[in-house]
**Student:** 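Let me give you the structure first, and then I'll get to my questions.
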Amino acid sequence: MSAMGQPSPHHGDAVLEAIRSPSSAATSAITASWCRSAIAHGLDPDEVRTRERLDGAALSAARAEHETMLAVAAPVLDHMFRSVGRSGCAVILSDANGVILERRSGDGDVAGFTAAGLVEGAVWSEAEQGTNGIGTCLFEGKPVVIHREQHFASRYVGISCMDAPVYDPHGRLVAALDVSSCRDDHGPAMAEMIAALVRDAARKIERDYFCRHYADRRILLLSDDAATGSALLAVDRDDLVVGASRAARLHLGLTDAALALPPALGQLLGDDALPSFDDAERAVLRQALAQAGGNASRAARLLGIGRATLYRRMARAGLSG
């Protein structure tokens, strides 16, 4: 394992030289992040500074704010750790401010991750730590791999970080899922393989979080894309859309304003047919017959009407008796 906290003697110079280059920030996402770290946030790559960390009460409050997300994420984090923990990786979940809320790590790797500051309550925003997996993922709102010397701060060149953003049921960025390694034998190829697992796990947290939030609604899956995740809609009993995942919002061009007055599902999906009382009655009759197993007498009782009335309404709706 690399000695955490021992700055690379040349890393800071390389960072500053890249920042001074007039074209590098435009061609490299990493250098653009280095520029933000140095210019916007006033950080020095070689500075050894006290890491910001929430106290117990503040961390408890942050965890309480995300109680539902953490409950949904827990089995996903456990599964991820079973997949990557033996290779010396830690599995980490932060909030949108970069505060680490959860960490899974093996007993033999705890000291290394603690020395690196990858502990519950630590703040890993880009403004606080410079270019890093959690903070840069949150700033860009997309998956990132920050491998060793790609970190801004010299003291973090021994860490590899693979991250993906997590969006809440309302399409807002709410967390970063991170897998980090402090071992020298984790090269770029290994990082890319783990990054794919991280992206899948983040999308699963989003999916499960959406379904938990809209547990009393009907959930429709429009598409499942590796890049944006599952496009999910939550629909009420009247076929009005009351919720949409981030992927669905991107797919359909939905905003909070568009969902404030819930749109009709058919209209949203391109069905311009006007609503009809006849169609609604036909749907009710068919559902009652289906629930009654095709037995007209039982269907009539379910609807609270007489059998003769049921047959009249079926005939009017074009349903055979």
Side-chain angles (χ1 to χ4, degrees), residues 4-5 29-30 32-34 36-37 40-41 43 45 49-54 58-59 62-63 65-66 69-70 73-74 76-77 80-81 84-85 88-105 109-110 112-168 172-183 186 191-192 194-203 205-206 209:
M4 298 281 73
I30 294 297
S33 176
W34 287 353
R36 291 193 300 270
S37 302
H41 306 310
L43 301 177
R49 59 205 300 263
T50 302
R51 300 184 181 96
E52 183 180 351
R53 185 176 180 183
L54 271 59
L59 177 58
R63 289 177 56 83
E65 180 183 353
H66 299 290
M69 180 189 70
L70 291 174
V76 181
L77 301 181
M80 276 290 296
F81 183 66
V84 303
C89 292
V91 178
I92 292 166
L93 187 70
S94 83
D95 67 10
N97 297 314
V99 176
I100 294 179
L101 303 177
E102 289 274 355
R103 186 189 75 178
R104 308 278 194 278
S105 60
D109 299 298
V110 167
F113 290 119
T114 300
L118 290 167
V119 294
E120 288 91 341
V123 182
W124 279 80
S125 65
E126 202 177 67
E128 183 67 25
Q129 304 289 358
T131 305
N132 72 88
I134 293 172
T136 303
C137 171
L138 291 170
F139 181 89
E140 297 187 353
K142 64 182 182 181
V144 300
V145 175
I146 306 296
H147 184 62
R148 300 174 70 82
E149 287 82 5
Q150 292 177 329
H151 284 85
F152 176 81
S154 298
R155 64 187 181 277
Y156 296 138
V157 297
I159 310 174
S160 291
C161 304
M162 292 67 70
D163 287 76
V166 177
Y167 290 87
D168 74 5
R172 298 182 297 242
L173 181 61
V174 70
L177 177 62
D178 169 271
V179 170
S180 287
S181 171
C182 296
R183 295 191 179 181
H186 278 234
E192 290 298 335
I194 293 176
L197 297 177
V198 173
R199 291 192 295 269
D200 289 345
R203 300 294 79 79
I205 294 172
E206 286 182 0
Y209 194 6

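As a basis for the values below, the full set of heavy atoms in this structure was taken, side chains included, without hydrogen atoms, waters or symmetry mates. Note that the coordinates shown come from a computational prediction; the quantities given were computed from them, not determined experimentally.
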**Student:** Residues in side chain to side chain donor-acceptor pair (under 3.5 Å) with Ser94, at least two apart?
**Tutor:**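 Ser94: no side chain to side chain donor-acceptor pair (under 3.5 Å) contacts found.
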**Student:** Leu197: which residues meet the side-chain contact (heavy atoms from CB on, under 4.5 Å) condition with it, sequence neighbours left out?
**Tutor:**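 Leu197 satisfies side-chain contact (heavy atoms from CB on, under 4.5 Å) with Met80, Val84 once adjacent residues are dropped.
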**Student:** Report the residues that fulfil salt bridge (Lys or Arg N to Asp or Glu O under 4.0 Å) with Arg199, sequence neighbours left out, ordered by chain and then residue number.
**Tutor:**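 Result, salt bridge (Lys or Arg N to Asp or Glu O under 4.0 Å) vs Arg199: none returned.
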**Student:** Can you name the nearest heavy-atom pair linking Asn97 to Leu138, along with the distance?
**Tutor:**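 In this case the closest contact between Asn97 and Leu138 is C-CD1, 4.3 Å.
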**Student:** Flag the pair Arg63 / Glu102 as yes when at least one side-chain heavy-atom distance between them is below 4.5 Å, and no otherwise.
**Tutor:**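 Arg63 reaches Glu102 side chain to side chain.
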**Student:** Provide the closest heavy-atom pair for Ala202 versus Pro165 in the form atom of the first, atom of the second, distance.
**Tutor:**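 Closest heavy-atom pair between Ala202 and Pro165: CB-O, 3.7 Å.
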**Student:** Which pairs, with at least one residue in residues 137-147 and sequence neighbours excluded, count as a side chain to side chain donor-acceptor pair (under 3.5 Å)?
**Tutor:**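 Counting only pairs at least two positions apart or across chains, the side chain to side chain donor-acceptor pair (under 3.5 Å) contacts touching residues 137-147 are His147-Ser160.
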**Student:** What residues, two or more places apart in sequence or in another chain, satisfy side-chain contact (heavy atoms from CB on, under 4.5 Å) together with Asp200?
**Tutor:**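 Asp200 satisfies side-chain contact (heavy atoms from CB on, under 4.5 Å) with no other residue.
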**Student:** Of the non-hydrogen atoms in Gly85 and Asp109, which two are nearest, and what is the gap between them?
**Tutor:**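 So the two residues come closest at O-OD2, 4.4 Å.
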**Student:** Output side-chain donor-acceptor pairs under 3.5 Å for residues 112-120, partner residues at least two apart or in another chain, one line each.
**Tutor:**
| unit_1 | atom_1 | unit_2 | atom_2 | d |
| --- | --- | --- | --- | --- |
| Thr114 | OG1 | Val110 | O | 2.8 |

**Student:** Applying side-chain contact (heavy atoms from CB on, under 4.5 Å), name anything that partners Ala127, two or more places apart in sequence or on another chain.
**Tutor:**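 Per chain and number, Ala127 pairs via side-chain contact (heavy atoms from CB on, under 4.5 Å) with His41, Ser125.
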**Student:** Please examine the side chains of Leu59 and Ile100, heavy atoms only from C-beta on, and report whether any two atoms are closer than 4.5 Å.
**Tutor:**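 No, their side chains stay 4.5 Å or more apart.
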**Student:** If we check side-chain hydrogen bond (donor to acceptor under 3.5 Å, both in side chains) with Tyr156, which of these qualifies: Gln129, His151, Arg148?
**Tutor:**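 Between Tyr156 and the candidates, side-chain hydrogen bond (donor to acceptor under 3.5 Å, both in side chains) is satisfied uniquely by Gln129.
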**Student:** Check side chain to side chain donor-acceptor pair (under 3.5 Å) between Gln150 and all other residues, then give those that pass, not counting sequence neighbours.
**Tutor:**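 Gln150: no side chain to side chain donor-acceptor pair (under 3.5 Å) contacts found.
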**Student:** Just to verify, what does Asp168 make a salt bridge (Lys or Arg N to Asp or Glu O under 4.0 Å) with, not counting sequence neighbours?
**Tutor:**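 Partners of Asp168 under the salt bridge (Lys or Arg N to Asp or Glu O under 4.0 Å) test: Arg172.
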**Student:** Could you list all the salt bridge (Lys or Arg N to Asp or Glu O under 4.0 Å) pairs where at least one residue sits in residues 123-134, not counting sequence neighbours?
**Tutor:**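 Residue pairs with at least one partner in residues 123-134: Arg36-Glu126, Arg49-Glu128.
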**Student:** Looking at CG of Leu177 and CD1 of Ile92, how far apart are the two atoms once the value is rounded to the nearest 0.5 Å?
**Tutor:**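 Rounded to the nearest 0.5 Å, the CG-CD1 separation comes out at 9.5 Å.
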**Student:** Could you work out, with side-chain contact (heavy atoms from CB on, under 4.5 Å) as the rule, every residue matching Ala175, not counting sequence neighbours?
**Tutor:**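 Partners of Ala175 by the side-chain contact (heavy atoms from CB on, under 4.5 Å) criterion, ordered by chain and then number, come out as Met69, Leu93, Val166.
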**Student:** Among Val174, Leu173, Ile205, find the residue that satisfies the side-chain contact (heavy atoms from CB on, under 4.5 Å) test when tested with Tyr167.
**Tutor:**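 Filter result, single survivor: Leu173.
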